[in-house]
Amino acid sequence: QVQLVESGGGLVQPGGSLRLSCAASGSIFSINAMGWYRQAPGKQRELVATVDNGGGTNYADSVKGRFTISRDNAKNAVYLQTNSLKPGDTAVYYCYAHRVILRSDYDIGDFSGVDYWGKGTLVTVSS
């Protein structure tokens with residue numbers, strides 16, 4: 001019922017920038033928080049950044065000052081501006097939507113919500 005579709009990944013040289021985008025489709029009433037996680041080869045998935053529906057943000061220490069997360073509530077979209085990229089940023093980046101409430105759920109008073117993940121977009125930082 002809800003799909004998250006990421007875009008914007010690719011190959012970039014160290015020091016370069018990429019802008020990742022993610023849009024949630026479906027009959028959505030609200031999304032509590034949206035964010036980005038990443039998983040490098042041989043490593044566990046880790047938090048990159050999140051933004052709640054009030055605009056509050058949270059970043060991993062490793063990306064503070066280099067990445068900026070933003071959100072468009074009207075479009076159910078989240079963005080990640082990545083600057084000063086390093087080879088260590090190479091990973092598959094996943095979009096995450098926390099506590100998605102569908103319009104049909106809202107109509108029956110179900111406000112529990114469901115979490116969704118995108119399929120990921122690959123970011124490769126290499127010279």
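One distance of note links CG of L85 with OG of S126; it measures 12.0 Å at 0.5 Å rounding. Note that CG of N83 is 8.0 Å distant from CZ of F67, once rounded to the nearest 0.5 Å. Taking OG of S25 as the start and CG of N76 as the end, the distance is 9.5 Å to the nearest 0.5 Å.
The closest donor-acceptor contact from the side chain of N32 to the backbone of H98 lies at 3.5 Å or more, if one exists at all. One N or O on the side chain of T90 and one on the backbone of V125 form a donor-acceptor pair closer than 3.5 Å. Under the 3.5 Å distance criterion, the side-chain polar atoms of Y59 are matched with a main-chain donor or acceptor of I69. Formation of a donor-acceptor pair under 3.5 Å by the E6 side chain with backbone atoms of C95 is found in this model. Under a 3.5 Å cut-off, the side chain of D105 and the backbone N or O of D107 do not form any donor-acceptor pair.
Contact record, S84 with S17: N-OG, 4.3 Å, taken as the closest heavy-atom pair. What you find for D52 and G54 is that their closest heavy atoms are OD1-N, 2.8 Å. Here the shortest heavy-atom pairing between M34 and I31 reads CG-CG2, 3.7 Å. Residue A24 comes nearest to L4 through the heavy atom pair CB-CD2, 3.3 Å, listed as atom of the first residue, atom of the second, then distance. The two residues L20 and G9 have their closest heavy-atom pair at CD2-N, 3.7 Å. Shortest non-hydrogen contact noted between A97 and V100 is CB-CG2, 3.6 Å.
Using a 4.5 Å heavy-atom cutoff, the side chains of W36 and T50 are not in contact. Residues N58 and L47 form a side-chain contact, since some pair of their non-hydrogen atoms from C-beta on lies under 4.5 Å apart. Looking at heavy atoms from C-beta onward, D89 lies in side-chain contact with R66 at the 4.5 angstrom threshold.
Cluster annotation: L18 is connected to V48 through the hydrophobic network of ILVMFWY side chains, with a link wherever side-chain heavy atoms come within less than 4.5 Å. Transitive grouping of hydrophobic side chains (ILVMFWY, heavy atoms separated by less than 4.5 Å) brings Y96 and V92 into a common cluster. In the hydrophobic clustering of this structure, Y37 does not group with V2; members are Ile, Leu, Val, Met, Phe, Trp, Tyr whose side-chain heavy atoms approach within less than 4.5 Å, directly or through other members. With hydrophobic clusters built from ILVMFWY side chains whose heavy atoms lie under 4.5 angstrom apart, I28 shares a cluster with Y116.
For R103, the side chain to side chain contact (heavy atoms under 4.5 Å, CB included) test picks out S27, F29, with sequence neighbours left out. Residues passing the side chain to side chain donor-acceptor pair (under 3.5 Å) test with E46 are R38, sequence neighbours excluded.
A cation-pi arrangement is absent between R71 and Y79, since the terminal nitrogen or guanidinium carbon is not both under 6.0 Å from the aromatic centre and inside a 45° cone about the axis.
The aromatic ring centres of Y106 and F111 sit less than 6.0 Å apart.
Salt bridge status for K64 with D61: present, with a side-chain N to carboxylate O gap under 4.0 Å.
Taking the six-membered ring for Trp and thresholds of 30 and 60 degrees, Y94 and W117 have ring planes more than 60 degrees apart, a perpendicular arrangement.
More than 12 heavy-atom neighbours from other residues, nucleotides or ligands sit within 6.0 angstrom of CD on Q39.
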Check your understanding: Passes side-chain contact (heavy atoms from CB on, under 4.5 Å), Q1 versus L102? Steps please.
Key -> CA-CA 9 Å; Q1 289 178 306; L102 301 178; 3.3 Å; yes
